[in-house]
Each structure stands twice: as structure tokens, then as C-alpha cells.
Engineer: 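Just dropping this structure here.
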Amino acid sequence: MSRISRFALVGVGIAALYVALYLIFLRAGLGQGAGNALAFAIAVAVQYAAQARFTFHRQLNDPRQMLRFGMMIAGGFATSALITGVVAPHYLLEPWIAAIAVTLILPVQNFIIMTLWVFSNPAT
């Protein structure tokens, strides 16, 4: 299986995990903000582990790699905010178009950043 296939498989799995956890937390009585934050935090942690080990064959316990991954996540949030909060309103795009743009752009952005920066060091 190619690296990009493993990346995509992890991505789809993480998206499903996030949705499932969010709905479980809401059903358990958490508010939307708390449920989202907890589901997101868990999904990001699992994503780091899965992308590091399964996709890029890297060790998990690498503080610099973890920091780079966190910075990538923050960059993804910035990209999402830019598309949905600046670009789409400027061009009078419907919210669903902005959401689709984010859904298409972020995986490409993340794959490039993970390949060239986050997990660029050889496995140890």
C-alpha cells in the first residue's frame, strides 16, 4: 500500500472517529463546545500516532516531531479560518462551498507538510 493510500485511510478513519466521539459526548450530556474540544483532542492524538507509525513509519516519542505536528494542526485551523472567514465571504460563496474547499485543501496541505517537515526525519 502506498504512503498516500495509508495517509488517506488514516484521514478517513480519523474523521469517522471524530464524528463518532462528538456524537457520543453530546449524548452523554456534554455541551457542544466541550464535546467538540474533547473529540477533537482525542482525534488529533490518534491521528498523530496513526500517521507517525502507519503512514510514515516513525517513532512516536519525538518531542520535536510532536511540536511540528501540533504546528501543522494549528496551520490547518488557520487555513480553514481563512477560507471560511475571509475568502468565502469576500467572494460571496455559500458556506457549503467553503466547507468543501476546506475538505479538499486541508488533506493536500497536511500531506505535503507531513512529508516535507513533520515526519521528514528517518525512522529511528
Engineer: Tell me whether Phe40 is reachable from Val10 by hopping between hydrophobic residues (I, L, V, M, F, W, Y) whose side-chain heavy atoms are closer than 4.5 Å.
Structural biologist: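 Each belongs to a different hydrophobic cluster.
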Engineer: So, does Thr103 use its side chain to make a donor-acceptor pair with the main chain of Ala99 at under 3.5 Å?
Structural biologist: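 Yes, the answer is positive, given that a donor and an acceptor are paired below the 3.5 Å cut-off.
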Engineer: Parallel, tilted or perpendicular: which fits the ring planes of Phe111 and Phe7, with parallel below 30° and perpendicular above 60°?
Structural biologist: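 Perpendicular.
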Engineer: How many angstroms lie between CE in Met114 and CD in Gln47, if you round to the nearest 0.5 Å?
Structural biologist: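 Met114 CE to Gln47 CD: 4.5 Å, rounded to 0.5 Å.
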Engineer: Can you confirm whether Thr115 sits close enough to Arg3 that some side-chain heavy atom of one is under 4.5 Å from a side-chain heavy atom of the other?
Structural biologist: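 Yes, their side chains come closer than 4.5 Å.
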Engineer: Is it true that Val102 and Tyr18 fall in one hydrophobic cluster, defined by side-chain heavy atoms closer than 4.5 Å?
Structural biologist: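 Each belongs to a different hydrophobic cluster.
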Engineer: Within the 4.5 Å heavy-atom criterion, are Ile42 and Phe25 side-chain neighbours or not?
Structural biologist: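 In contact.
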Engineer: Quick check: do Asp62 and Phe69 have side-chain heavy atoms less than 4.5 Å from each other?
Structural biologist: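 Asp62 vs Phe69: side chains apart.
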Engineer: If you define the side chain from C-beta out and look only at heavy atoms, does anything of Tyr48 sit under 4.5 Å from Gln65?
Structural biologist: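 Counting from C-beta outward, Tyr48 and Gln65 do come under 4.5 Å.
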Engineer: To the nearest 0.5 Å, what is the distance between CG (Leu92) and NE2 (His90)?
Structural biologist: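 It comes to 8.5 Å.
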Engineer: Working note: Trp117 + Ile112, criterion side-chain contact (heavy atoms from CB on, under 4.5 Å); need CA distance, chi angles, decisive distance, verdict.
Structural biologist: CA-CA 8 Å; Trp117 187 50; Ile112 291 168; over 6 Å; no
Engineer: Report yes if the side chains of His57 and Arg6 come closer than 4.5 Å at any heavy-atom pair, otherwise no.
Structural biologist: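 A side-chain contact exists here, since the closest heavy-atom pair is under 4.5 Å.
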Engineer: Among the clusters formed by ILVMFWY side chains lying less than 4.5 Å apart, do Val118 and Leu60 turn up in the same one?
Structural biologist: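 Yes, because Val118 and Leu60 connect within a single hydrophobic cluster, where side-chain heavy atoms sit under 4.5 Å apart.
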Engineer: What's the separation between atom CD1 in Ile14 and atom CG in Leu9, rounded to the nearest 0.5 Å?
Structural biologist: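 Between atom CD1 of Ile14 and atom CG of Leu9 there are 10.0 Å.
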Engineer: Within this structure, what is the CD1-CD1 distance for the pair Ile83 and Ile100, rounded to the nearest 0.5 Å?
Structural biologist: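 If we round to the nearest 0.5 Å, Ile83:CD1 and Ile100:CD1 are 12.0 Å apart.
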Engineer: Honestly curious: do Ile113 and Leu106 fall in one hydrophobic cluster under the side-chain, below-4.5 Å linking rule?
Structural biologist: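 The answer is no; the residues belong to distinct hydrophobic clusters.
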Engineer: Working to the nearest 0.5 Å, report the span between CE of Met72 and CD of Gln109.
Structural biologist: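 Here the interatomic distance stands at 8.5 Å.
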Engineer: Any heavy-atom pair between the side chains of Leu21 and Leu38 that's under 4.5 Å?
Structural biologist: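 The answer is no; the side chains never approach within 4.5 Å.
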Engineer: Would you say Asn121 and Arg64 make side-chain contact, with heavy atoms under 4.5 Å?
Structural biologist: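 Counting from C-beta outward, Asn121 and Arg64 never come under 4.5 Å.
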Engineer: Calculate, to the nearest 0.5 Å, the distance between atoms OG1 and CG belonging to Thr79 and Asn110 respectively.
Structural biologist: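 It comes to 8.0 Å.
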Engineer: Membership question, hydrophobic clusters at under 4.5 Å side-chain separation (ILVMFWY): are Leu82 and Val108 in the same one?
Structural biologist: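 No, Val108 does not connect to Leu82 through the hydrophobic network.
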